[in-house]
Amino acid sequence: MKIINLLTVFAFLLSLTACGNKQNTNNNDAAIPTTFSRTKETQNLLSNLSKIPTHGFMFGHQDDPLYGVTWEGESDRSDVKSIVGDYPAVMGFEIGRIELGGDKSLDNIDFNTMRKEIVKQYNRGGMITISWHMDNPITGGDSWDVETKGVVTSVLPKGENHEKFISWLQVGADFFSSLVTEDGVKVPILLRPWHEHTGSWFWWGQDNCTTEEYKELWIFTYNYFQEQGVNNLLYAYSPDSHGPGDIYMERYPGDEYVDLLGLDIYHRDNEDGIETYQNKLNTILTFLTEEGEKRNKPIAVSETGLETITIANWWTEVLYPAIEKYPISYVLLWRNAHDIPNHYYGPYPGQKSEEDFVKFYNNPKTLFLNDIPNLYN
Ligand code: BMA
């Protein structure tokens, strides 16, 4: 554990609150259930997420315990841990293609293995977030298949694929409900449904549905999980980096359906793109800081990274200065693929930014697994 102020941790623990059911006060929409419930641990996670920025921000990595640049499926291994001796505080998992009912995700991960790793991360005291690149229910293509328009229309009530869509959501609901520890605790998950919708590369993206349809898609999904008793989910809204303000909020489904304001933003074009990346982070995180305060919601960089980390001091000179002044609860780096050459965003032993990552880790504001207070009490 790095040296963090123990008094602050103590104050943090004292300030934890537990909440039960919450009444929904919006009476205008008949589709909204009048009450919803969350497990105690899930509600505690939400309260604790808002308090994390007092200490710094959590470090997260997608698929961290499942594989790394040169390995796959080795128990307790992690590229991040290989370098700094500690796991990321946040681990992201991807359930794309679970809807088809098969054993493996679109990234070839067995869902039973994924379930085990999710429960393990919870037992370690870490946080879990899940993304879902759902296939295109009209064409059977993947979520990037946007040639056929009207996919969202087709899955909404009255659409020709509505029943199919419900059956797909149900597979997800069953998976979330199956994330249970040996002691019977349901593992809290921060779900990021219908992410990066301000771009148009997914069938639920900007040019592929209307604002009203997008909101309906979100609210339908939320209500469906509620109705199925999935009470271990928090919901992250995570647009891509298409401008702040109006663009970010245009399709926001409403405060009652969102728990965290996220941002998916990548550093592209290597050295040439440093300024663009940092400026965008600054602009959008300034906006999110205000919105988060106004709406009483935690904020986060829900996906980021520079593919192949071509800049040796990227962690301390590019990423850190662009995010450290904002009250983000976490930053999540995208995956270290083992089967796609050069598709990695986290460090690994021998990678050129390794030393700089150790510096980043040693900064008291970057919180890894051993640095975080209990998230679930
Ligand atoms: C993308 C890429 C793909 C992957 C998808 C879902 O950003 O990493 O290779 O299939 O995420 O994990």
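One-based numbering, in listed order, for ligands and for the atoms of each. The shown structure was predicted, so the numbers you read here are calculated from the model rather than taken from an experiment.
- Neither the backbone nor the side chain of Gln62 has a heavy atom within less than 4.0 Å of ligand 1.
- Annotation: atom 6 (C) of ligand 1 to nearest protein heavy atom, Asp107 OD2, 3.4 Å.
- Under 4.0 Å from ligand 1, not a single heavy atom of Phe93 appears.
- Using a 30° and 60° split on the angle between ring planes, Tyr266 and Tyr345 fall in the perpendicular class, above 60°.
- Atoms OG1 and NZ, from Thr181 and Lys120 in turn, are 15.0 Å apart once rounded to the nearest 0.5 Å.
- Taking the six-membered ring for Trp and thresholds of 30 and 60 degrees, His195 and Phe202 have ring planes inclined between 30 and 60 degrees apart.
- Shortest contact from atom 3 (C) of ligand 1 to any protein heavy atom: Arg335 NH2, 3.7 Å.
- When the salt bridge (Lys or Arg N to Asp or Glu O under 4.0 Å) test is applied to Glu291, the partners found at least two apart in sequence or on another chain are Lys294, Arg295.
- With a heavy-atom cut-off of 4.0 Å, Ile340 touches ligand 1 through its side chain alone.
- Annotation: atom 1 (C) of ligand 1 to nearest protein heavy atom, Trp334 NE1, 3.6 Å.
- Relative orientation of the Phe360 and Trp315 rings is tilted, given thresholds of 30° and 60° on the angle between their planes.
- Not one N or O of Trp144 is nearer than 3.5 Å to an N or O of ligand 1, by distance alone.
- Tyr266 does not count as a contact of ligand 1, since none of its heavy atoms falls under 4.0 Å from the ligand.
- Using a 4.0 Å cut-off to heavy atoms of His133, the atoms of ligand 1 that qualify are 6 (C).
- Between the side chains of Asp86 and Asn370, a donor-acceptor pair is found at a separation under 3.5 Å.
- At least one heavy atom of His343 sits closer than 4.0 Å to an atom of ligand 1.
- Summarising the geometry, atom OG belonging to Ser178 is positioned 11.0 Å from atom CZ belonging to Phe111; distances are rounded to the nearest 0.5 Å.
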